[in-house]
Protein chains: 2
Amino acid sequence: MQPSDGKARTKSEKTRLRILDAAAKTFRDKGYSATRLADIAAAAGTQAGSLYYHFDSKEQLLDEVLQRGHGRVAETVRMRIGALGPAASFRDRLRAAILAHLEINLRHDDYAAANIHLHNQIPAAIRRRHIAKHRTYAAYWQELLAEAQAAGEIGQDVDISMARLNLFGMMNWSIEWYRPGRLDIGELADNMCRTLFDGIGSPSPGGMAET
Amino acid sequence: MQPSDGKARTKSEKTRLRILDAAAKTFRDKGYSATRLADIAAAAGTQAGSLYYHFDSKEQLLDEVLQRGHGRVAETVRMRIGALGPAASFRDRLRAAILAHLEINLRHDDYAAANIHLHNQIPAAIRRRHIAKHRTYAAYWQELLAEAQAAGEIGQDVDISMARLNLFGMMNWSIEWYRPGRLDIGELADNMCRTLFDGIGSPSPGGMAET
DNA sequence: GTCTATATAGAGATAGAC
DNA sequence: GTCTATCTCTATATAGAC
């Protein structure tokens, strides 16, 4: 179950998934407009005209890539947190969520990464639904952070919305620079979690704290 | 001196700058491939064919937008830090740098924001030079952070490269979500600086620290 | 189901009038 | 300098053979 979802039955279904995989990868790498159907076809080992047996349009191809990608990220993050059990600290939950988000986007899945990478290139016709999904996902993290604050693990004066945006920034920017192999994703997740909670300042600072 | 650089002399130069402003804004909003020359022309109040009196190609237009944008960001950040004088703490320098980077990208300048927004859409022909400039800019921040660590303002065990990438993530992701008016950029900069140095965790944490 | 060939539209770029 | 008209190429999408 690396790309697509593997459980293809008929030959037609298999081809369809191969095309989707190729589309996800190509969209992710080149962007929506810069991707030609011929690029997707080549990556899938077929011809541009043949895509139309499986899909109605380039836009529909993108739509399905984005939907699948989003679904997997959201599911995986919820699952991983659920697996921790009710006794886990919120810091541990956050760490697990960050790790899941990063693993999916950086290793597994062009579908997921396309959601972030094409964030601002989605054609108007399908943008509304995808923005709604992103909002739902953001709200999930917002709730997680709010609970952590209520439990006393995050400072009472912290603006939770800003904290979420800063965290998303760290995580989502990593798909711009991360290349597999050099750095372990687990270390990356730990680092982001530690930075978010503890900061990078020296334990005994010389200056002031805040306003 | 809001857009372009204002000091246009001849009518031709003024038009040229108006076209550049339009190109920066359109590229920034729609991306490179999705932008048509007709869009730029419309935004500049002229016709697509007329652009060729001032520029050789769409690619050259992008090239100049990116170069101008990068130049302004780099200059402004260096200037602001220089203005602080040698006695300033590194935390104050970082805060000033963050503020400058955010102000340019979020308020002033489509040229600057295009550099971030089109980061992965730059055509191969001109990519090399721009990547080199981004590396130089990154190295500048890296040095700033390294000096802060040497001065004891950042923990000795902190990975400076990761800290830089996390900070860039927070800052650069903000151009995806920030909309003028709702939130003061100064507050945003303070928040990011505070998050980076101090983290958002409660002063008296219940759990463990690190590995 | 997949191919090749093609219809059709839209893009970047050029030419020449004004 | 800017316009309109147009060349040319490329892209999405369709049609029909196999």
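Residue numbers begin at 1 in each chain, while the letters A, B, ... track the order of the sequences. Side chains are part of it too, since the values below use all heavy atoms of this structure and drop only hydrogens, waters and symmetry mates.
- At the phosphate of dG1(C), neither OP1 nor OP2 sits under 4.0 Å from any side-chain N or O atom of Thr15(A).
- Residue His54(A) contributes atom NE2, which lies 16 Å from atom P of dA13(D) at whole-angstrom precision.
- Counting only N and O atoms by type, the side chains of Asn105(B) and Asn115(B) include no donor and acceptor under 3.5 Å apart.
- Between Asp63(B) and His130(B), some side-chain heavy-atom pair lies under the 4.5 Å cut-off.
- Taking the ring centroids of Trp173(B) and His119(A), they lie under the 6.0 Å cut-off.
- Ring pair Phe168(A)/Trp141(A): centre-to-centre distance below 6.0 Å.
- A salt bridge between Arg16(A) and Glu64(A) is present, with a side-chain N of the basic residue lying under 4.0 Å from a carboxylate O of the acidic one.
- Contact check, Thr46(B) against dT2(D): no side-chain N or O comes under 4.0 Å of OP1 or OP2.
- Taking atom CD of residue Glu13(B) and atom P of nucleotide dG1(D), one finds them 10 Å apart after rounding to whole Å.
- In this structure, a donor-acceptor pair under 3.5 Å is absent between the side chains of His117(B) and Asp29(B).
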For nucleotides 12-15 of chain C, print each protein N/O atom paired with a nucleotide N/O atom at under 3.5 Å, atom names and distance only.
{"from": "dG12(C)", "atom 1": "OP1", "to": "Thr35(B)", "atom 2": "O", "distance (Å)": "3.4"}
{"from": "dG12(C)", "atom 1": "OP1", "to": "Leu37(B)", "atom 2": "N", "distance (Å)": "3.4"}
{"from": "dG12(C)", "atom 1": "OP1", "to": "Lys58(B)", "atom 2": "NZ", "distance (Å)": "3.2"}
{"from": "dG12(C)", "atom 1": "OP2", "to": "Leu37(B)", "atom 2": "N", "distance (Å)": "2.9"}
{"from": "dA13(C)", "atom 1": "OP2", "to": "Tyr52(B)", "atom 2": "OH", "distance (Å)": "2.6"}
{"from": "dA13(C)", "atom 1": "OP2", "to": "Lys58(B)", "atom 2": "N", "distance (Å)": "2.9"}
{"from": "dA13(C)", "atom 1": "O5'", "to": "Tyr52(B)", "atom 2": "OH", "distance (Å)": "3.0"}

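- In this structure, the CG atom of Leu61(A) is 16 Å from the P atom of dA11(D), given to the nearest Å.
- Distance NZ (Lys11(A)) to C1' (dT2(C)): 8 Å, rounded to an integer number of Å.
- Taking atom CD of residue Gln47(B) and atom P of nucleotide dC18(C), one finds them 17 Å apart after rounding to whole Å.
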